[in-house]
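Each chain gets a letter, A, B and so on, in the order the sequences are listed, and its residues count up from 1.
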Amino acid sequence: MRKTITRENAGGRAVHDVGGLDFGAIDRSEHDLALWEKRVDAMMILLYSKQGLWTVDAMRRTIESYGEQAYDDTEYYEKWMRAMRNLLVEQEVLGKAEIEAEMAEVAERHRKAGRSVPVHTVDWP
Amino acid sequence: MMHDHDHDHSHDHAHDHAGAGHAHPPQRDHDAGPMGVYEVMEEAVRTLLIEKGILSHAEIAVQMDLMDSRSAALGAKVIARAWVDLAFKQRLLADCRSALAELGIDIGQIAEFKVVENTPATHNVIVCTLCSCYPKLLLGIPPAWYKSLAYRSRTVVDPRSVLAEFGVTVAAEQTVRVHDSTADLRYIVLPMRPAGSDHMSESELAALVTRDAMIGTAVPAAVRS
């Protein structure tokens, strides 16, 4: 059997199907979650297990549909946050336009408070 | 994680500009650092969900506290019980859900748990190649490396070299069994009780059991008398 080594020769695999590939040495350092990451964790669990807005499988399907670059270049809770945004729109809980408008408002408020905030947004879905 | 780098970066600037006697800026670290776009998204989505009455500040806070309260200490308690009570160990291996219920632990309806036992012949290690499935209830939030592409990709194909990176040497004659977790079935390793621990109480034993020992990337050290 040919041993798959990297993304480049991973054939037609889906982006999340990385078992048997080789992404190099493991960074074993411990990280505490940032406050916003803890909030994402909490909100996600409340929305699917308490409110029943979607299942854990739907969340995985959403994350697995990101392109390879977005999948490899985003942190764990960034993937979760994007999934939450997309699923809230899919379930018609929130609209794309109101999320974009609120994000612009949040960014502007923090900029005025002297914080550096990126101008780019995150592609849909 | 990139956020830690951002954080350090802002400190560097403070040192560059502040001069002696003012080494640190006021306590504004988290507000003053660059804000990531996903952090902006989190605040925006949270604001909208609260405005619409879908979530409340209070329930988000309660859920965050609940996750903070979950740690490997609970898993360690289960392992220590299995070490001192052979009948319980057999039940735990045969039917994890019922055995945990005996200890007042309800694993809920999301997934089943399975305990895999280390023996002199077999070392077990858990991974989730597809995502990050993990027995959070017993071990808390998974470490970043468990969710990393490097750990997920290599553990199933070359577990001995992965274990070596963690400082675990598995004898050539010992089988390494890798368990690939799914959303519906999460594994936890029952490590071997370390040599020299015969005299120890159940709670002393629990203190020997680390998170990594229950993932399989560590082995409890022998106890020195």
Within residues 55-62 of chain B, residues adjacent to chain A where the heavy-atom gap is under 4.5 Å: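 Those residues of residues 55-62 of chain B which have a heavy atom under 4.5 Å from chain A are B:Leu55, B:Glu59, B:Ile60.
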
Engaged part of [X] at the chain B interface, taking heavy atoms whose separation is under 4.5 Å:
X       : answer
A:Asp41 : side chain
A:Lys79 : neither
A:Glu98 : both
A:Thr55 : neither
A:Ile26 : both
A:Ile63 : neither
A:Ala25 : both
A:Leu94 : side chain

Residue B:Tyr146 versus chain A: region with a heavy atom under 4.5 Å: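 Neither; nothing under 4.5 Å.
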
Heavy-atom proximity to chain A below 4.5 Å, by part of B:Ile110: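 For B:Ile110, the contact with chain A is made by the side chain alone.
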
Within-4.5 Å side-chain heavy-atom neighbours: B:Glu42 and A:Met43: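 Side-chain contact under 4.5 Å: yes.
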
B:Leu49 side chain near A:Leu88 side chain, heavy-atom distance below 4.5 Å: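 In short, these two side chains touch, coming nearer than 4.5 Å.
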
Among [options], residue most engaged with chain B (heavy-atom pairs, under 4.5 Å):
options                             : result
A:Glu100, A:Arg39, A:Lys38          : A:Arg39
A:Val15, A:Leu47, A:Val119          : A:Leu47
A:Ala104, A:Ala42, A:Ala14, A:Ser29 : A:Ala42

Chi angles and distances behind the salt bridge (charged side-chain N to carboxylate O under 4.0 Å, His left out) call for B:Glu39, A:Arg115: CA-CA 13 Å; B:Glu39 195 179 347; A:Arg115 202 168 174 197; 3.4 Å; yes

Cation-pi geometry met for A:Arg82 and B:Tyr38 (6.0 Å, 45°):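 Not satisfied by the 6.0 Å and 45° rule.
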
Straight-line distance of B:Glu43 CD to A:Glu102 CD, nearest 0.5 Å: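 Spacing of CD (B:Glu43) from CD (A:Glu102) equals 8.0 Å.
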
